[in-house]
Amino acid sequence: MKKDPEINVLGGGLESCSTSPLTGYFRDGACNTCAQDQGSHTVCAVMTAEFLAYSKYVGNDLSTPQPQFSFAGLKPGDRWCLCAGRFLQAHEEGCAPKVDLVATHIRALDIVPLAVLEAHSSDRV
């Protein structure tokens, strides 16, 4: 698998999202993507209790540990490369988490408009 260029939604270099917990399609800490990334794990999101509850409700449980996959489960404050479609769905339902624009891959814009991402921007930018 060949990574797409490491460019964020602002046109700069893609920064790390999280190494603890380790995130990313490539498990490299960044929201890198490629043609094989069908879920477009490109949005660097900062988890909230509300979003984690919503995610569990819609069948994408990110909070329950899954030891068989070495996954400890996410908690509020954790940063995670979220599927762009899941982020957009949460936005439409009014419970989208904050995002880190400099750590969100430009390919997120294939699914989520920049104005939506900017409306949920974290303070890091």
Side-chain angles (χ1 to χ4, degrees):
M1 293 185 287
K2 182 179 177 206
K3 289 182 189 177
D4 286 0
E6 297 181 16
I7 301 170
N8 68 42
V9 295
L10 302 175
L14 184 67
E15 293 190 11
S16 177
C17 182
S18 175
T19 56
S20 182
L22 185 59
T23 190
Y25 182 77
F26 291 94
R27 290 296 185 259
D28 60 359
C31 296
N32 283 303
T33 191
C34 65
Q36 291 80 13
D37 179 9
Q38 297 299 313
S40 187
H41 297 80
T42 53
V43 176
C44 181
V46 182
M47 298 294 104
T48 62
E50 180 184 31
F51 175 76
L52 289 169
Y54 168 78
S55 187
K56 189 172 188 176
Y57 174 76
V58 296
N60 185 35
D61 185 1
L62 297 172
S63 58
T64 301
Q66 300 291 326
Q68 68 273 29
F69 301 114
S70 299
F71 180 70
L74 300 178
K75 61 188 179 313
D78 285 343
R79 297 160 57 90
W80 194 250
C81 292
L82 191 60
C83 293
R86 184 69 68 196
F87 173 82
L88 184 58
Q89 181 184 20
H91 164 75
E92 291 167 351
E93 295 290 332
C95 59
K98 293 286 186 189
V99 297
D100 183 342
L101 297 176
V102 296
T104 295
H105 199 281
I106 195 167
R107 291 288 308 275
L109 298 179
D110 293 347
I111 298 168
V112 183
L114 181 58
V116 170
L117 292 169
E118 288 176 328
H120 298 281
S121 177
S122 69
D123 295 332
R124 179 174 138 170
V125 182

Whether the side chain of Tyr25 engages the backbone of Gln36 through a donor-acceptor N/O pair (distance < 3.5 Å, no angle test) should be reported. yes
Check: Gly29 main-chain N/O paired with Ser16 side-chain donor or acceptor under 3.5 Å: yes
Linking I/L/V/M/F/W/Y whenever any side-chain heavy atoms sit under 4.5 Å apart, do Leu88 and Leu52 land together? yes
Interatomic distance, His105 atom NE2 to Asp110 atom CG [nearest 0.5 angstrom]: 9.5 Å
Look at the side-chain heavy atoms of Ile, Leu, Val, Met, Phe, Trp and Tyr, link any pair under 4.5 Å apart, and say whether Tyr54 and Leu62 land in one connected group. yes
Where the side chain of Ser122 meets the backbone of Val99, is there a donor-acceptor pair that is under 3.5 Å apart? yes
Between Lys3 and Asp28, is there a salt bridge with N-O shorter than 4.0 Å? yes
With no hydrogens and no angle check, is any side-chain donor or acceptor of Asp37 less than 3.5 Å from a backbone partner on Cys34? no
If you measure from OG1 on Thr64 to CG on Leu74, what distance do you get to the nearest 0.5 Å? 10.0 Å
Look at the side-chain heavy atoms of Ile, Leu, Val, Met, Phe, Trp and Tyr, link any pair under 4.5 Å apart, and say whether Leu82 and Phe26 land in one connected group. no
Begin with the C-alpha distance, continue with both residues' side-chain angles, and end with the deciding distance and a verdict on side chain to side chain contact (heavy atoms under 4.5 Å, CB included) for Phe87 and Leu117. CA-CA 9 Å; Phe87 173 82; Leu117 292 169; 3.8 Å; yes
Indicate if Val43 and Leu22 have the same hydrophobic cluster label, given that clusters are the connected sets of ILVMFWY residues with side-chain heavy-atom separations under 4.5 angstrom. no
Can a donor-acceptor pair be found, under 3.5 Å and without considering hydrogens, that links the side chain of Thr104 to the backbone of Cys44? yes
Val9 and side-chain contact (heavy atoms from CB on, under 4.5 Å): which single residue from Leu114, Val112, Thr42 fits? Leu114
For a quick test of reading the model, state the closest non-hydrogen atom pair linking Arg27 to Gly24 and the distance between them. NH1-O, 2.6 Å
Scanning both residues in full, the closest heavy-atom pair of Pro21 with Arg79 reads CG-O, 4.2 Å
Distance-minimising heavy-atom pair for His41 and Cys83: NE2-SG, 3.3 Å
Within one Ile-Leu-Val-Met-Phe-Trp-Tyr cluster: Leu14 and Val102, side-chain cutoff 4.5 Å: no
Short side-chain to backbone donor-acceptor contact, Ser18 and Trp80, under 3.5 Å: no
Return yes when the gap between the SG atoms of Cys31 and Cys81 is under 2.5 Å; return no otherwise. yes
Is the backbone N or O of Gly13 less than 3.5 Å from a side-chain atom of Asn8, with the two atoms forming a donor-acceptor pair by type? yes
